[in-house]
There are 2 protein chains.
Amino acid sequence: MNISQAAEQTGVSAKAIRYYESIDLIAPARRAGNGYRDFNDNDIHMLRFVARARGLGFSVAEVSDLLALYQDHDRASAQVRGMAQGAISRIEEKIAELQSISTVLSDLVERCQGDDRPNCPILDDLAGGA
Amino acid sequence: MNISQAAEQTGVSAKAIRYYESIDLIAPARRAGNGYRDFNDNDIHMLRFVARARGLGFSVAEVSDLLALYQDHDRASAQVRGMAQGAISRIEEKIAELQSISTVLSDLVERCQGDDRPNCPILDDLAGGA
DNA sequence: TATAAGGCTTCCAGTTACGGGAAGGTCAAG
DNA sequence: CTTGACCTTCCCGTAACTGGAAGCCTTATA
């Protein structure tokens with residue numbers, strides 16, 4: 001299977017696949033006689049794993065660890081669980097931060113008329129900080 | 001005032017100040033006889049504006065627009081309000097996305113024993129996607 | 001069969017918003 | 001006069017790719 005088919009079947013762009021290969025996240029694909037990459041079912045499987053893990057917010061470095069754990073059949077599930085919990089913590093923190101920002105912005109928007117006049121509490125706030 | 005004092009008073013690092021100057025976000029600071037940047041009260045004011053806007057999640061490009069609006073005393077408040085609302089929308093979207101990710105991860109963690117054994121629903125899910 | 005379109009390859013550059021660090025000038029203190 | 005703390009500019013590195021150029025390969029069509 002050529003790279004564009006692999007991309008289509010996994011949701012990982014051809015560019016991204018080459019990138020993942022270049023940073024050794026995934027094993028280099030077999031090459032056909034013409035030099036084209038040739039992907040097999042296992043390659044597709046791995047790419048889907050990567051796509052799903054990335055989609056769940058794991059960094060590429062973390063995905064690398066997860067792949068190693070996935071391929072190590074003697075791993076302890078605690079390790080994977082720990083990584084997932086770490087990811088959850090970071091996500092929760094980010095959510096809290098975004099929510100507090102959103103609150104501030106919403107308050108500002110509420111106090112701003114939003115008409116043709118120049119008076120704008122939003123800019124006043126940015127300027128004054130108070 | 002030298003750059004390190006300006007940094008301290010605004011919460012913007014010296015590196016960031018030079019960067020903002022280099023990309024024309026802020027006006028180049030006056031130079032003292034020795035070539036050092038010399039910041040005045042207005043510079044500090046502008047840097048604080050930038051710091052606060054960045055802290056509220058506006059991109060540097062957006063801060064540039066906000067600064068222009070701030071300095072244009074004939075601006076319409078509607079424009080600033082619109083930008084703030086756009087920022088809020090993006091933030092809300094991001095929050096929703098993070099929350100759905102967090103939910104999925106939490107479900108997975110819950111189903112994972114997290115012990116010394118290799119059985120791990122988290123990896124199973126990443127692999128199978130189902 | 002010639003050729004044009006499209007896919008594949010590699011490599012380089014750009015993205016965001018800076019931080020780190022090198023090489024070298026400047027300033028205040030002892 | 002030297003030390004150490006500033007300051008300057010310049011270049012590299014970050015995360016995770018995307019876009020584009022230059023140049024093969026393949027397939028379809030005239």
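Values below: all heavy atoms of this structure, side chains included; hydrogens, waters and symmetry mates excluded.
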Tell me whether the count of non-hydrogen atoms from other residues, nucleotides or ligands lying under 6.0 Å of [atom1] in [X] goes above 12.
X: B/D116; atom1: CG; result: no
X: A/E8; atom1: CD; result: no
X: B/N42; atom1: CG; result: yes
X: A/Q85; atom1: CD; result: yes
X: A/Q71; atom1: CD; result: yes

Integer-rounded Å distance: [N] [atom2] and [X] [atom1]:
X: A/I26; N: D/dA16; atom1: CD1; atom2: P; result: 15 Å
X: B/F39; N: D/dC6; atom1: CZ; atom2: C1'; result: 14 Å
X: A/I17; N: C/dC8; atom1: CD1; atom2: P; result: 10 Å
X: A/M1; N: C/dC8; atom1: CE; atom2: P; result: 12 Å
X: B/E62; N: C/dA17; atom1: CD; atom2: P; result: 9 Å
X: A/R18; N: D/dT18; atom1: CZ; atom2: C1'; result: 12 Å

Of the nucleotides [options], which one has an atom closest to the side chain of [X]?
X: B/R31; options: D/dT9, C/dG7, C/dG19; result: D/dT9
X: B/Y19; options: C/dA17, D/dC17, C/dC8; result: C/dA17
X: B/S59; options: D/dC7, C/dA17, C/dG7; result: C/dA17
X: A/R54; options: D/dT8, D/dA16, C/dT9; result: D/dA16
X: A/K15; options: C/dC11, C/dC18, D/dT26; result: C/dC11

Practice task
Mind checking B/I23 for me? I need base, sugar-phosphate or nothing, with any heavy atom below 4.0 Å counting as a touch.
Solution key: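 Nothing, no nucleic acid heavy atom in range.
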So does [X] get a side-chain nitrogen or oxygen closer than 4.0 Å to the phosphate oxygens (OP1/OP2) of [N]?
X: A/N34; N: D/dC24; answer: no
X: A/R37; N: C/dC8; answer: no
X: A/S13; N: D/dC17; answer: no
X: B/Y36; N: C/dC27; answer: no

Problem - Nearest-nucleotide comparison on DNA chain D, the residue closer to the 5′ end among A/A61 and B/I3 - result: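 Comparing both residues, the 5'-ward one is B/I3.
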